[in-house]
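Okay, so here's the structure we're looking at.
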Amino acid sequence: MSENTYRTRFATFNIGDFSGKGFEKGSEESKKIIRDTMAKVDAELWALQEDVPFFGEVEGVEPYGAVYDCYKNYERRGSGRYNFKALLSNRDIKDVEQIYYVGTVQFRHPWFLRATVDIEGREVCVICLHFDWSDKFVRQKQISQVIGYASKYDYCIIMGDFNPEDCVDGNKISQKLFYAEEYGRFADAGYTMANGGEFSTFDTILDTKITPCPFDNILVSSKIKIENAGRVADEWMCDHALIWADLAFD
């Protein structure tokens with residue numbers, strides 16, 4: 001790395017419906033607990049996968065004002081239920097767009113979120129995704145289209161819930177997970193992974209006996225280096241743990 005290297009931390013969290021153990025969903029206590037966890041991670045940019053339009057499913061309570069407003073910029077898009085994705089940062093988040101998958105199959109998560117973030121003069125494409133858990137063949141099409149889209153950019157970071165389950169048309173075929181094969185497709189395209197690679201394989205599904213289960217990940221293109229990565233699985237979390245990665249931009 002050169003003297004111009006810039007180092008920062010990104011994180012991804014499938015926060016779902018903002019529920020957790022030990023507090024009432026949507027309560028003031030829940031707001032504080034989630035805020036404290038995010039502050040502990042101290043990421044410069046977050047990719048968030050959210051399942052509901054309002055914080056704790058309380059009508060009219062926006063997630064930004066409830067838990068995220070210590071950051072300056074929050075860009076969120078959504079469609080239907082279980083299809084909200086957001087990027088959160090003090091940096092400007094530009095060119096935000098929902099990119100819809102193309103094909104005749106049923107996409108239960110039909111799009112990914114993309115944006116551009118300037119990292120010390122580098123125009124970085126950031127992708128927040130939530131792949132379909134319900135059909136491994138549909139997911140293969142999603143993977144192909146994300147890789148194809150991201151190939152246009154010199155700097156690209158792909159974050160989210162990759163759901164590597166063995167399901168077809170909503171039916172579970174086995175307990176097998178396809179993370180090695182599916183992350184391998186990104187590795188073949190030149191991406192380095194925070195989860196499932198040299199830094200460890202982190203379980204990110206908390207209520208399961210299947211291990212390892214590296215559902216959530218941060219992937220970076222070849223001009224970005226991951227220097228460290230880790231998981232936060234606090235006691236209150238009831239679904240997904242979060243993943244962070246320390247990145248270096250040369």
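Only this structure's heavy atoms are used, side chains among them; waters, hydrogens and symmetry mates stay out.
Using a 4.5 Å heavy-atom cutoff, the side chains of Y155 and I119 are not in contact. Between V220 and K225 the shortest side-chain heavy-atom distance does not fall below 4.5 Å. Counting heavy atoms from C-beta outward, I205 and I210 have side chains that stay 4.5 Å or more apart. The shortest side-chain heavy-atom distance between R91 and N73 does not fall under the 4.5 Å cut-off. Side-chain contact between C125 and R114 is present, with at least one heavy-atom pair separated by less than 4.5 Å. Side-chain contact check for R76 versus Y64: every heavy-atom pair is 4.5 Å or farther apart. For the pair V146/F186, a side-chain contact is recorded, criterion being any heavy-atom separation below 4.5 Å from C-beta on. E62 places a side-chain heavy atom less than 4.5 Å from the side chain of F54.
Salt-bridge check for E29 with K32: failed, with every basic side-chain N at 4.0 Å or more from each acidic carboxylate O. Taking 4.0 Å as the cut-off between side-chain N and carboxylate O, K94 and E123 count as a salt-bridged pair. Using a 4.0 Å cut-off between charged side-chain N and carboxylate O, R35 and D69 make a salt bridge. Look at E44 and R7 and you find no salt bridge, because none of the NZ, NE, NH1 or NH2 atoms lies under 4.0 Å from a carboxylate O.
Between W46 and A43, the closest heavy-atom pair is NE1-CB, 3.7 Å. For P212 against Y179, the heavy-atom pair with the smallest separation is CG-OH, 3.1 Å. Here the shortest heavy-atom pairing between L87 and A115 reads CD1-CB, 3.5 Å. In terms of heavy-atom proximity, M193 sits nearest to A187 at CE-CB, 4.3 Å. Nearest heavy-atom pair across R122 and F249 is NH2-O, 3.2 Å. When all heavy atoms of A233 and A241 are compared, the pair lying nearest together is CB-CB, 3.9 Å.
In this structure, OG1 on T201 lies 12.0 Å from CZ on R231, to the nearest 0.5 angstrom. Between the CD atom of E227 and the CZ atom of F199 there is a distance of 8.0 Å, given to the nearest 0.5 Å. To the nearest 0.5 Å, atom CZ of residue F55 and atom OG of residue S27 are 7.0 Å apart. Here CG of D239 is found 10.5 Å from NZ of K21. Values are rounded to the nearest 0.5 Å. Atom CG of L88 sits about 8.0 Å away from atom CG of N90, to the nearest 0.5 Å. Distance CZ/R108 to OG/S134: 3.5 Å, rounded to 0.5 Å.
The only option from D161, N14, N195, D216 that meets the side chain to side chain donor-acceptor pair (under 3.5 Å) definition with T204 turns out to be D216. Between E165 and the choices K136, R139, K172, the salt bridge (Lys or Arg N to Asp or Glu O under 4.0 Å) rule is met once, by K172.
Remark: the T12 side chain and the Q49 side chain contain an N/O donor-acceptor pair separated by less than 3.5 Å.
Y101 has its ring centre less than 6.0 Å from the ring centre of F112.
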Trace of the side-chain contact (heavy atoms from CB on, under 4.5 Å) decision for T37 with M237: CA-CA 10 Å; T37 294; M237 295 176 179; 3.8 Å; yes
side-chain contact (heavy atoms from CB on, under 4.5 Å) assessment of M159 paired with F10: CA-CA 9 Å; M159 300 185 283; F10 280 22; 4.0 Å; yes
Verdict with reasoning, V105 to F137, per side-chain contact (heavy atoms from CB on, under 4.5 Å): CA-CA 9 Å; V105 299; F137 300 114; over 6 Å; no
Check against side-chain contact (heavy atoms from CB on, under 4.5 Å), K209 and Q175: CA-CA 10 Å; K209 295 180 180 179; Q175 297 299 310; over 6 Å; no
E182 vs R185, salt bridge (Lys or Arg N to Asp or Glu O under 4.0 Å): CA-CA, chis, key distance, verdict: CA-CA 5 Å; E182 294 179 5; R185 292 187 61 191; over 6 Å; no
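With F178 as the aromatic partner, K176 meets the cation-pi criteria of under 6.0 angstrom to the ring centre and within 45 degrees of the ring axis.
Follow the hydrophobic side-chain contacts under 4.5 Å out from F18 and you reach V61 in the same cluster. Side-chain heavy atoms closer than 4.5 Å link hydrophobic residues (I, L, V, M, F, W, Y) into clusters, and following such links, possibly through other members, connects I224 to I218. Two different hydrophobic clusters hold I157 and I147 under the rule that ILVMFWY side chains link at heavy-atom gaps under 4.5 Å. By the rule that hydrophobic residues join a cluster once side-chain heavy atoms approach within less than 4.5 Å of another member, I143 and F215 end up as members of one cluster. Connection of I173 to V138 is not established within any shared hydrophobic cluster, with ILVMFWY side chains joined at heavy-atom distances below 4.5 Å, either directly or through further cluster members.
Shown here is D188, whose CG atom has more than 12 heavy atoms of other residues, nucleotides or ligands within 6.0 Å. Summarising the local packing, NZ of K141 is surrounded by 12 or fewer heavy atoms from other residues, nucleotides or ligands at distances under 6.0 Å. Counted within 6.0 Å of CD on E24, heavy atoms from surrounding residues, nucleotides or ligands total 12 or fewer; the atom is thus considered open.
Under a 3.5 Å cut-off, the side chain of N163 and the backbone N or O of D132 do not form any donor-acceptor pair. Looking only at distances, no side-chain donor or acceptor of D169 sits under 3.5 Å from a matching main-chain atom of D135.
Note on ring orientation: taking the six-membered ring where Trp is involved, the planes of F13 and W236 are perpendicular (angle over 60°, cut-offs 30° and 60°).
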